[in-house]
Amino acid sequence: METSIYSVLAFYVLAAVILGSAILVVSMRNIVHSVLFLAICFIAMAGLFLILDAAYLAVIQVLVYAGAVCIMIIFGVMLIQRTDMKQSNLFNRQTFMAGGVVALTLAVSGFFAGTTAWADLAANTPVPEDSLGQIGQLLLSKYVIPFEVAALLLLVALVGAIVLAKEVKANVDD
Amino acid sequence: MLVEFALHHAWLVPLLPALAFLIIVFLARPWPKLSAFISVGGMATACFFATLAAYGVFTNHQYTEHPLVYAARWLTLGLPGMPELQINVGVQLDPTSAMMLFMVSFIATFIQLYSVGYMKGDPGFSVFFSYLSLFAASMLLLVISSNLLQMFIAWELVGLCSYLLIGFYSHKISAREAAKKAFVTCRVADFGLLLGILGLVITFGTLDLVELSERVANFREYTTFGTMTLLAILVFIGPIAKSGQFPLHVWLPDAMEGPTPVSALIHAATMVVAGVYLVGRMLFLFHEVPVAMDLVAITGAFTALFAATIAITQREIKRILAYSTVSQLGYMMLALGVGSLTAGMFHMWTHAFFKALMFLGAGSVLHALHHKADVWEMGGLVKKMPITSWTFVIGGLAIAGIPPFAGFWSKDEILVVTLNGGHYILYAMAAFTAFLTAFYMWRLIFLAFYGEEKPENHPHESPWTMCVPLIVLAAGAMTVGLLGTPWNNIWAEWIFFGEAHHSGEIAWGAMISSAVIAVAGIYLAYTLYLKDKEKVKVKALAERYKSLYNLSFNKYYIDEMYLWFNHTMVDGSAKLFYLFDIYVVDGIVNGLGGFGKLSGEGLRVLQTGRLQNYALVFFLGVLAIAVLMVFAGPSTASLVLGGVM
Amino acid sequence: MLRTETYTMNFGPQHPATHGVFQVVLTLDGEKIVKAEPVCGYLHRGIEKLAESRTYQQVIPYTDRMDYLASMLQNWGYVMAVEKLMGLEVPERAEYLRVISGELSRLASHVLATGVYALDVGGFTGFLLCFRERERMMDLLEELTGSRMTFSYARFGGVADDAPEGWLEKLDKLMDDMPGYIDEYDGLITGNEIFQARTKQVGGLSPETAIDYSLSGPVLRGSGINYDLRKAKPYSIYDRFDFEVPVGKNGDCFDRYFCRVREMRQSVRIIKQAIEQIKEIDGPIKGKVPKALKPPKGDAYAEIESSKGILGFYVVSDGTNKPHRVHVRRPSFINLGYLDEMSRGWLIADLVAILGSIDIVLGEVDC
Amino acid sequence: MLENLFTNIAGLLRNLLDSAGVPPLWNDVTLLVVKLVAILVFILINALWLVLMERKVAGYMQARIGPNRVGPWGLLQTTCDIGKLISKEIPIPKSADKILFLLAPALVFVPPLMIFAAIPFGKDMVALDLNIGLFYVFALASLTTIIFWMGGWGSNNKYSLLGSMRVVAQMVSYELPMILSVLGVIMLVGSMNLTEIIAAQQNMWFIVTQPIAFLIFFIAAVAECNRTPFDLVEGESEIINGPYTEYGGMGFAMFFLAEYASIMIISAMATTIFLGGWLAPFGLTFIPSWLWFFLKMYVLIFVVMWFRWTFPRIRVDQLMGFGWKILVPLSLANVFVTGIGMYIYRAIGW
Amino acid sequence: MEKKISEIISELKEKFPQIKTSEETISVSTEDLLGLMQELKNSFGFNYLTNLTAADYPADAKGKGDGNEDEDDGEMEIVYNLTSVYEKLYLTVKARVSRKNPEIPSVFPVWGGANWQEREVYDLFGIVFTDHPNLKRILLTDNFEGYPLRKDYQWVGGRK
Amino acid sequence: MLTISLTHYVVLSAILFSIGLFGVLSKKNAISVLICIELMLNAVNINLIAFSKYITPNEFIGQIFAIFVITVAAAEVGVGLAIIIAIYRNKLSVNLDEFDWLKW
Amino acid sequence: MFGNGLIKGLRITWKEFTSKKFTVQYPEEQHTKPERFHGRFVFDADKCIACNLCANACPNNVIELKSEKVEKKKFLTKYVMNIEYCLFCGMCVEACNKDAINFSLEHDMSQYNYDAIPLILVEREAPKPEPKPEEATPEASGEKAEPKVKGKGKQKEETPAASADKSASDEVAAGKAPEKEGQ
């Protein structure tokens, strides 16, 4: 498979968008803006998945992350609205320490990423056309137990979230 | 083609009631009529398929030898060093299961129809139908199971439904207690069954009935005779409770607290025979172990006699029927125990019809009398409720064993095989039980339906939904026995174990004697309860043999014995363990805790309570491990980490 | 113990569902109403005070401006009070004209209330279709009085003008069409499941509370109290007509609304009977009224059943040609007094439904 | 001739570019851009036209005649309205979150445009023929929620806040039955490609085989685009105008037009999935396929409008209850029944 | 069961000797008011307070009522129109307070309907209804000065 | 430098992960922490899909793993938010510095 | 059950959709106004005897009337209605004994400037040597048929109403009613 200049270009553009919006997510002082940049980050990531021939995942990414997770977070933000929204997303006391740790992490992981000799098979094996069908087949045959477990997890999470966030009526003895 | 479809999609039969259950529970619950329609409709459709499937089986002789089995892989379990165990979910159709499939679905259909009338206006109408559907689904699943584990699952589901349905009137304390009792009793026994199944798996490495039967036949390749004995007895423990055999029969009479259709469906016709069915299915196992066979036979015979003696003194209509059920189940066990699958299954088949009929009749009576249950307070119902009464009488004739009603043929078959097997004591017990059966059943009939009318009662005939099942079942009780007459024993050609019965010579002696016994029992009942208007003789008899009477009336004090046992033994040991726990276990724990507490005080400073602090340190740790693993190699890393841990 | 926070929201004074300039200060928990404090008076013009500096006759146009949706009834109520004070007789034909115009006005008011209620719960078409019929009634009333809304039609001891030529026939035609129109509302609004879901079991009001809080009109009758002044204390000539008093059952929004719809049919009945009967009567439309309108000292209280409820006028005379005191018992005002209790625990959307079902007119509330 | 009008135009353009010596890749890109621009223009003009249609339909249903002054039969009415709205100032509330407030109306047209790129308007008339077209549509449709929310939140008004809460709740909960209802169709077709879904309806439209799914889809879709009886988001008698309360001028107009764009989308989707897309019924192929598509689409749009001008609005808790307690179980049951039906169909093998 | 209004009035007269009665009208003092009202509601079924209003009778006004005139500043009269919804009886109760110290017990405990009506009277006349749960201005703004329906209220402004 | 190799993706993922980690460690707002966790999970997803394409293009293991990651993330957000809301109702704050209940 | 009412509603809107519309295209076509329409006032200065009855009958002091005495008779010099305050209640029309003031069917009274709002019906100088103003004949009194009869009746009572005190308005208001009996 030939990697054209366009896909290279697309990669760089998308990477820049992802990283830029991620940095903004972290640095914004208004949590609402953070969430919006998060959405942008997710959408850009969907684009990245498209480059990686994972169209199904790209769509899932948009549907679940941008469409559901972001909205859920938005809901959370709305439910706990404060008047000082502009100062809602500040840094805490251990920021510098955290910066150190993160720099270290980046250094280590970057070092590994850069020095590992990744097996690069992409050049000669193209991704099959009908990826969606194959993923479906795999999910319901080979990976059926994890699939069911994930379904169960979602159910449990659903019930758990409802129970946790349920409004408790004021008791008489309160 | 449709028959073929039904044969190969027999799983639809349990699936349809299961679907009905789901639909009712999740969608149709607010609309009682809709729920009933879904339930009955699902059941009727299932019955239709079951009939087709049964037709398919009974028109093709190849299935008697080689059951029609189709299964899907469910689990593959493999442990190192052991052969891979494959568990399937599937359907096994042979004449036995086809017969059961038809019987269960047929009776369930009519009982559901009956319930439409019986439960009308009940606040839990929809729920009741959902339970009935669930029950039918699980029972049918049990019947068609090709696999012991699947059967066990269905077995437990059936138990659950029984629990739900007995406790259906959950506002009544007695109902709740009865439900608990049934559940606990069955659980005790199911434990035995589960152990048995596990043992079978470990020993033979398969759960499929067909395969298992093949392997059991050559059991010496796998195990010893002792183990087999143990396994057979363990397996038998399950049916003891489920089919109400002595000494675990105690739950069954109490289960009459449930609505009457439930009693009819579960505790007479279908669920309780699950145990018999299981024993029948596993007869290849028992067959290899004569001791177990004898145990089954003796348990059956004893239970039959024992329950019959209780039944003669009971006063509540449903209780009499319940003990009668226990007694008849004993018969079936006896038949299986003497090695005749044919007789056992045949009695089960006829019993299902007439006992369901009688329970439904009893329900109709209760319905009419506003749940007044004491037979002494009834009387003369035949004038007000002709349909109920006459169908009930048919049932009574059938159970008493008057030819040519259904019960006669099956009971006779049992007596004959017992006699032919040379079990004379058992034969005597069975014959006496037959006498008692005729007696107490007709005692019930004479007291309730004949004699003087009681002015305080205002009975009325039940609605058509209740009458139609009665009539249909009565027709069944009259005719289904003809399948197995000694002259033309179609039954035995299909359902047998080992060799097919050949309808050879006719045991005229046994036949006539059993008829005579039945007539004698009825006559005794007639003299004591109908002819003697004041019931002087009865009262005198009861007075004279007061101790015996009390013994029987109080069901031999078995419930009390269980209670006493629980109170003294279990509570006593519990006390002992309590002391041990307080001083020894807690002492150790507290000592360790004190040490931990002291050291914790010292380490407390490190604990900030802030999540992000922890995360920070955590990530530092992760980094350290990563670096370690790469630069010092994984083995060193694990060494170091192991030291830290 | 988990808790939730409430917040305050100003529902109005500029809000589409308050039917005018009216404010409800809502304390909300999520969308649920914890407290609803009505704030009225934005339209207060001091009509009671103004009346003290006008002659008796000059007060009539001011009464128009209270319940401007059914001003005919307002005129009538005031005129009745003064007539009671002075002991004036009203000629028969004038009584019939008053009944006809009054019922027509009630019809117009109810039609509007029905339509506006449909709008409140979100159905716009019902609203405009109701206006179509109201337009026909307004045309008729305009033909009778010269004005479309502020009629000033009643006079002491009679009415201002006789019915013009052919007017009664036109009215009869409208009354023939009216049941069909009402069927249309029933189909479009009343029978609609969404509408019923929105209104049934919402804002329930027990009969005891309704009486205790002096509620009146369809609000009272919706709770199952059969109390209509036209039947209970037949004023004017209402004892000559055959009609029924529609009564609700549960006292919820739907019952209040549906009472109005059924009352429309009754009004149509009354008008048809009145048209029949007025043809027989030929007489003056104004009784004998002294030239100098100076009622004797004293007071009088007269009440009629207006479209919103019991409309009472309390007039005190000091012997001059100007009233000493005029007080109006405004049904909308008093019906509104129970809004807070009625809307507690319901959602914002229900508040709209409840407010609409009371059918207030701010001109009357604020007087 | 008419049938292939648009494909011919595209072919012509391609040939033109080819002959001009443009490299094939650039050629593709150019064509794609041209298509997208055409779709954008189409959506905008159509939305304008739909506003007029709505007003006309409303008028006719209310015994009125609607706008008829500007242009013949009032055809230029909305154009003039837009002209007016463009020339108006956009007032920004003092305490509003300006970024969100201004961004929301600007973004609101992006998802519809992207969705329309994947819809086949006619035979061989699809800008992006995606393998997972159906899924793509839903994914993008879910993005609108955020945009509406941005507007509502950014306004910093309690009515807007309530409105945007309703938007989020409503859209999230109605997306579920919408996707689940389509699942039956996906099962029948075995593909999520919109072209293939249309092709599978050659013999029978899915509205026949999946009537309940169509019903659920249509109801959920009406709720998705916040139309009566599910227009709680802008229920003017309750929360004034919901998220758009503070908007004026073009900001409002964008939201307003976006509503019509989304109606178009749901109608186009329903047409594609259930009404056979551009397939001509009864063999009436002399009418070009794209015309069929628009015909069906406009019928559905009319039905949506008809709903709006007939039904009252339901309450917010009823809305949620309806979605979760009725539509979701029903759509699940539909999937289940479809599965069983397919199984039986294959087992019996008619 | 059914009682004529005149019978009711005469019965009341026995229980409350101080009241003055005329046809369908009872005049009562502020002290007796609450007791009388409770009696009327509980014993005679007057469960509906149709109307509650007041009128101002300053000393110099012509329409000064027929009450006692020793107060130099005149009086204000509160008028209650009562209805028995079930028996269709109507009764008017009047009570007078002095203009200098206009205080009268609230009838809100007897009829909930008095709530807004008393607030209105308070708003426009300045009559204080003691024990009223929420005696605030209702039609006028909270910072409005004066009580406009009193005869001595001077209004400034308006058109020339 | 005209091809995009696996290294590119891995480095991108590492940077994104670090950004997310920084957010997790240094933000006060609990919701913000949740958001940053999402960023980290997405970084992982990039890796998974890139591996899937470059190393086992025919087996889709990475993609399937990513699907599971997304599932878990959705569940995590749901429960996490519920917990935050519950905490907020108790403390009227989402400031993580104020939550030091993890000590005794 | 569920759905019936919705479908019925849809049917009704469909019916309306296809049936006749009620819209009246306003400036081109207009409703015919009833005779009694309360529109802009028309004033016949010749009939007016400046008795002030109308001004006194007005609830809102809309009418501003000035007259001068010319040859024992009052001569109307100014008759202005501050129409922004007018309630269009018709009291003035009813009060007028001479049928001098009347409603017309003209309804469009909006003005661009505030100053233009007051309706100046008469504004003129009193003539120095005044020729006797002609008495209005019944036929010329206006376009309505009804007031003709009224005019006749009123002439009889003309003299007592000449003074312009307040009680006059009451008298006229009361006195007008019996006249209508004759119709």
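What you see is a predicted model, and the numbers here were worked out from it, not measured in a lab. The sequence lines fix the lettering, A, B, ..., with proteins before strands; numbering per chain opens at 1.
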Requested in this report: Check step by step if side chain to side chain contact (heavy atoms under 4.5 Å, CB included) holds for E:I138 and C:F333.
Outcome: CA-CA 11 Å; E:I138 185 162; C:F333 176 73; 3.9 Å; yes
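- Inter-residue side-chain proximity for C:Y301 and E:T92 is flagged as unmet; no heavy-atom pair is nearer than 4.5 Å.
- Taking each heavy atom of E:K151 and C:E52 in turn, the nearest pair found is NZ-OE1, 3.1 Å.
- Ring geometry for C:Y213 against E:F108 counts as perpendicular: the plane angle is over 60°, on a 0 to 90° scale with 30° as the lower cut.
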**Prompt:** So C:R325 and E:T53, side chain to side chain contact (heavy atoms under 4.5 Å, CB included) or not? Walk me through it.
**Reply:** CA-CA 10 Å; C:R325 167 97 175 94; E:T53 187; 2.9 Å; yes
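- When all heavy atoms of E:A55 and C:V316 are compared, the closest pair comes out as CB-CG2, 4.4 Å.
- Of all the heavy atoms in E:Y48 and C:S216, the pair that sits closest is OH-CB, 3.2 Å.
- For E:L140, the part sitting under 4.5 Å from any heavy atom of chain C is the side chain, from C-beta outward, and nothing else.
- Among residues 35-48 of chain C, the residues having any heavy atom closer than 4.5 Å to a heavy atom of chain E are, in sequence order, C:E37, C:P38, C:C40, C:G41, C:H44, C:E48.
- The contact between E:V79 and chain C is made entirely by side chain atoms (from C-beta outward), counting heavy-atom distances below 4.5 Å.
- Contact annotation for E:T25: neither backbone nor side-chain heavy atoms come within less than 4.5 Å of a heavy atom of chain C.
- Scanning all heavy atoms of the two residues, the minimum distance from C:A232 to E:K88 falls at CB-CD, 3.3 Å.
- Around atom NZ of E:K13, more than 12 heavy atoms belonging to other residues, nucleotides or ligands sit under 6.0 Å away.
- Expressed to the nearest 0.5 Å, how far CG of E:L49 lies from CD1 of C:I334 amounts to 7.5 Å.
- Not counting sequence neighbours, C:S343 has no partner by the side-chain hydrogen bond (donor to acceptor under 3.5 Å, both in side chains) test.
- For C:L50, no part lies near chain E; criterion is any non-hydrogen pair under 4.5 Å.
- E:Y90 carries C:K233 over the face of its six-membered ring, with the cationic atom under 6.0 Å from the centre and within 45° of the normal.
- Interatomic distance, C:R329 CZ to E:L52 CG, rounded to the nearest 0.5 Å: 10.5 Å.
- Heavy-atom distances place the side chain of C:E303, and not its backbone, under 4.5 Å from chain E.
- Near-neighbour residues of residues 112-121 of chain E relative to chain C, defined by a heavy atom under 4.5 Å from a heavy atom of that chain, comprise E:G112, E:G113, E:W116, E:Q117, E:E120.
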*asked:* Set out, in order, the CA-CA distance, both residues' side-chain angles and the distance that settles side chain to side chain contact (heavy atoms under 4.5 Å, CB included) for E:W111 and C:I211, then state yes or no.
replied: CA-CA 9 Å; E:W111 297 284; C:I211 291 182; over 6 Å; no
Can you list the steps and then say if E:N47 with C:D212 is a side chain to side chain contact (heavy atoms under 4.5 Å, CB included)? CA-CA 7 Å; E:N47 49 6; C:D212 188 39; over 6 Å; no
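- Between C:K49 and E:L124, the closest side-chain pair of non-hydrogen atoms is not below 4.5 Å.
- Pairing each heavy atom of E:T50 with each of C:I310, the nearest pair is CG2-CG2, 4.0 Å.
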Check: Please walk me through it: do E:K94 and C:D299 pass salt bridge (charged side-chain N to carboxylate O under 4.0 Å, His left out)?
Finding: CA-CA 12 Å; E:K94 292 180 177 174; C:D299 57 354; 2.4 Å; yes
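- Taking non-hydrogen atoms and a 4.5 Å limit, the residue list of residues 81-88 of chain C in contact with chain E is empty.
- Here the side chains of C:H327 and E:N51 are in contact, with some heavy-atom distance below 4.5 Å.
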